[in-house]
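Each chain gets a letter, A, B and so on, in the order the sequences are listed, and its residues count up from 1.
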Number of protein chains: 2
Amino acid sequence: MQPKEILKEHVSKTITLTDEQFDYFFSHFTYKTFKKGQTMIGEGDKVDCEYFVLSGYLKSFFINDDMKMFILQFAMPTWWASDYNALYSGERATVNVDCITDAEVLCLTSKDREKLCREIHEGEHFFRWRTNKGYVATQKRLLSFMNNDAKHRYEELLAQYPTLYNIVPKQLIASYLGVSRETLSRLYHS
Amino acid sequence: MQPKEILKEHVSKTITLTDEQFDYFFSHFTYKTFKKGQTMIGEGDKVDCEYFVLSGYLKSFFINDDMKMFILQFAMPTWWASDYNALYSGERATVNVDCITDAEVLCLTSKDREKLCREIHEGEHFFRWRTNKGYVATQKRLLSFMNNDAKHRYEELLAQYPTLYNIVPKQLIASYLGVSRETLSRLYHS
DNA sequence: GAAACTGTGTGACCTACATCACAATTGAAA
DNA sequence: TTTCAATTGTGATGTAGGTCACACAGTTTC
């Protein structure tokens, strides 16, 4: 499937655009490819775009003072990724985004997103609902963090994203769950 | 200050509306008052509105199977509160909202919010940015949960909302931080 | 004023998970 | 095929924070 079709199908789940409107919408995106391991957003960078994943897997993560990694999100096809704090506020990146596998993405700059939102009312509606869903999902994850132990969270993750298990190294799964890789190893060997 | 002025000042931080537009916008809100301890949204309820706080303090929280409480958010004047998962999805409430102190609020139904978003482009813009900010804030809190210990999170909370300390019982602060009240007590007596 | 309730402090003990150390396995590169 | 690095498993030990128990405020109710 073509990038354009993938995006169209994704957007159509929330809003309805005429073909001309969608052509215009799509014209603001730039196609790019990245290699496994490549950094798309690094700490300290000026962040001016967000990525819509066409193929492959990304991760967005934070590195603390002890060089320990915490994964905020895995991004798979039709998901969006960026350092949204930086993107929305104009500050420098504190969150990194890189490729777990080779990946194809569509880039949308912040300027263009705001332009589209201004020019196409439905476009603003789309982005509002995208954030609404992200907000609720993040809140659920926060609750799970407070409420459940690591084993529970691990099972939750696998139930939700079974594909991750085979594609993503266990270390990264551990970083997402907020436990050490040793603890994760013990969890599923019992 | 009048409810209308409070909302206007709040909305004006993100968007610009003409007086007629704002009058229309405001006409969709309903003024209500609640007493300390009163429940605004209870588990299992059908959720059809969200609350804009004019005065007083609310909390939104989740109760798990062991009857343990986890606070998702405190809401203070000019903040919004609801069970957004339920509100956006149409499902029954899993999150409760109640009053920590007597409170005055403006209610906006989901139907009216969507109506306003359809009819006033700037309105949709406002609600998009409100959620954008909520999303980033929740993500930061999630990161803090993964990264920092309870003491650090406690100091973070006090630095951000110094007023909470005097108004909100320590038990609730503990529920927000995700620690037992005993642990919290030990934290700040050392 | 006694009684009853809600909020808080503090000790003793327990548990989930971290950390460190090193072994075993896999997989890419040469 | 050998080599080297990255990834994973596993034991021993440490610790933050949980749980239970009870004491001691303030505050509301009769």
Side-chain angles (χ1 to χ4, degrees), chain A residues 35-39 57 59 61-71 74 98-102 141-158 163-190, chain B residues 35-39 57 59 61-71 74 98-102 141-158 163-190:
Chain A
K35 290 272 161 219
K36 176 177 174 174
Q38 223 180 320
T39 297
Y57 286 74
K59 64 175 189 285
F61 60 100
F62 173 79
I63 305 281
N64 77 0
D65 299 339
D66 305 330
M67 298 300 284
K68 211 169 133 179
M69 176 195 294
F70 300 93
I71 294 196
F74 294 113
D98 72 16
C99 294
I100 298 176
T101 64
D102 289 357
R141 188 158 164 228
L142 180 65
L143 251 185
S144 183
F145 243 90
M146 298 201 278
N147 192 10
N148 305 132
D149 63 10
K151 179 152 206 170
H152 196 114
R153 282 187 334 262
Y154 169 68
E155 279 154 8
E156 219 167 48
L157 179 67
L158 285 198
T163 55
L164 278 183
Y165 186 83
N166 302 310
I167 290 162
V168 175
K170 310 274 171 291
Q171 300 202 45
L172 296 185
I173 306 260
S175 300
Y176 180 91
L177 295 174
V179 295
S180 67
R181 52 165 207 84
E182 293 95 328
T183 296
L184 178 62
S185 168
R186 282 168 185 123
L187 280 182
Y188 60 77
H189 285 274
S190 66
Chain B
K35 288 274 162 218
K36 176 176 175 173
Q38 223 180 322
T39 297
Y57 286 74
K59 65 176 189 283
F61 59 101
F62 173 79
I63 305 281
N64 77 0
D65 300 339
D66 305 330
M67 298 299 285
K68 211 169 133 178
M69 174 195 296
F70 299 92
I71 294 196
F74 295 114
D98 72 16
C99 294
I100 298 175
T101 64
D102 290 357
R141 187 158 164 227
L142 180 65
L143 252 186
S144 184
F145 243 96
M146 299 201 274
N147 192 8
N148 304 131
D149 62 11
K151 179 152 203 171
H152 195 114
R153 287 195 319 269
Y154 169 68
E155 280 155 6
E156 220 167 48
L157 179 67
L158 285 199
T163 56
L164 278 182
Y165 186 83
N166 301 310
I167 291 162
V168 175
K170 310 274 172 289
Q171 302 201 44
L172 297 186
I173 306 260
S175 300
Y176 180 91
L177 295 175
V179 296
S180 66
R181 53 164 209 85
E182 293 95 329
T183 296
L184 179 62
S185 170
R186 282 170 185 123
L187 280 182
Y188 60 77
H189 283 276
S190 65

Legend entry - Gap between atoms CG and P, on B:N147 and C:dC17 respectively (whole Å): 18 Å
Legend entry - Rounded interatomic separation in angstrom, taking NE2 from B:H152 and C1' from D:dA16: 16 Å
Legend entry - Under-4.0 Å side-chain N/O to phosphate OP1/OP2 contact, B:Y188 with C:dG9: yes
Inset, instruction - Return the value, rounded to whole Å, for the distance between atom CG of A:L187 and atom C1' of C:dA18. - result: 13 Å
Inset, instruction - Mark yes or no: B:K36 above the aromatic ring of B:Y57, with NZ or CZ under 6.0 Å from the six-membered ring centre and no more than 45 degrees from the axis. - result: no
Legend entry - Nucleotide-level pairing of DNA chain C, given in dot-bracket where Watson-Crick and G-U pairs need both distances under 3.5 Å and | marks other strands: ||||||||||||||||||||||||||||||
Legend entry - Proximity to the side chain of B:Q171 - top-ranked nucleotide from C:dT8, D:dT8, D:dG9: C:dT8
Inset, instruction - May I ask you to verify whether the side chain of B:R186 and the base of C:dG11 hold a donor-acceptor pair under 3.5 Å? - result: yes
Legend entry - Length of the line joining B:L184:CG and C:dG7:P, which is rounded to integer Å: 14 Å
Legend entry - Rounded distance (nearest 0.5 Å) linking atom CD of A:Q171 with atom OG of A:S180: 11.0 Å
Inset, instruction - Provide, to the nearest angstrom, the distance between the CG atom belonging to A:N166 and the P atom belonging to C:dG27. - result: 12 Å
Inset, instruction - Take atom NZ of A:K170 and atom P of C:dG27, then tell me their distance rounded to the nearest Å. - result: 11 Å
Inset, instruction - Establish whether the base of C:dG9 is bridged to the side chain of B:R181 by a donor-acceptor pair shorter than 3.5 Å. - result: yes
Legend entry - Cation over ring face, B:K68 and B:F62, 6.0 Å, 45°: no
Inset, instruction - Please determine if A:R141 forms a cation-pi arrangement with A:Y176, meaning its NZ or CZ atom is less than 6.0 Å from the six-membered ring centre and no more than 45° off the ring axis. - result: yes
Legend entry - Nearest-Å distance for atom pair CD/P, residues A:E182 and D:dT7: 14 Å
Legend entry - Side chain of B:A150 - closest among C:dG7, D:dG17, D:dT10: D:dG17
Legend entry - A:M146 CE to B:I71 CD1 distance, which is reported to the nearest 0.5 Å: 8.5 Å
Legend entry - Phosphate OP1/OP2 of D:dT8 contacted by A:S185 side-chain N/O (<4.0 Å): no
Inset, instruction - In whole angstrom, give the distance that lies between atom NZ of B:K151 and atom P of D:dT15. - result: 17 Å
Inset, instruction - Give a yes or no on whether the backbone of B:A174 and the side-chain of B:R181 come within a donor-acceptor separation of less than 3.5 Å. - result: no
Inset, instruction - Measure from the side-chain heavy atoms of B:D149 and tell me the nearest of D:dT7, C:dG9, D:dA16. - result: D:dA16
Inset, instruction - Would you please classify the geometry between the B:Y154 ring and the B:Y188 ring as parallel, tilted or perpendicular, with 30° and 60° separating the classes? - result: parallel
Inset, instruction - May I ask you to say what A:G178 touches in the nucleic acid, namely base, sugar-phosphate or nothing, with a heavy-atom cut-off under 4.0 Å? - result: sugar-phosphate
Inset, instruction - Would you indicate, yes or no, if C:dA18 has its OP1 or OP2 atom less than 4.0 angstrom from a side-chain nitrogen or oxygen of A:T183? - result: yes
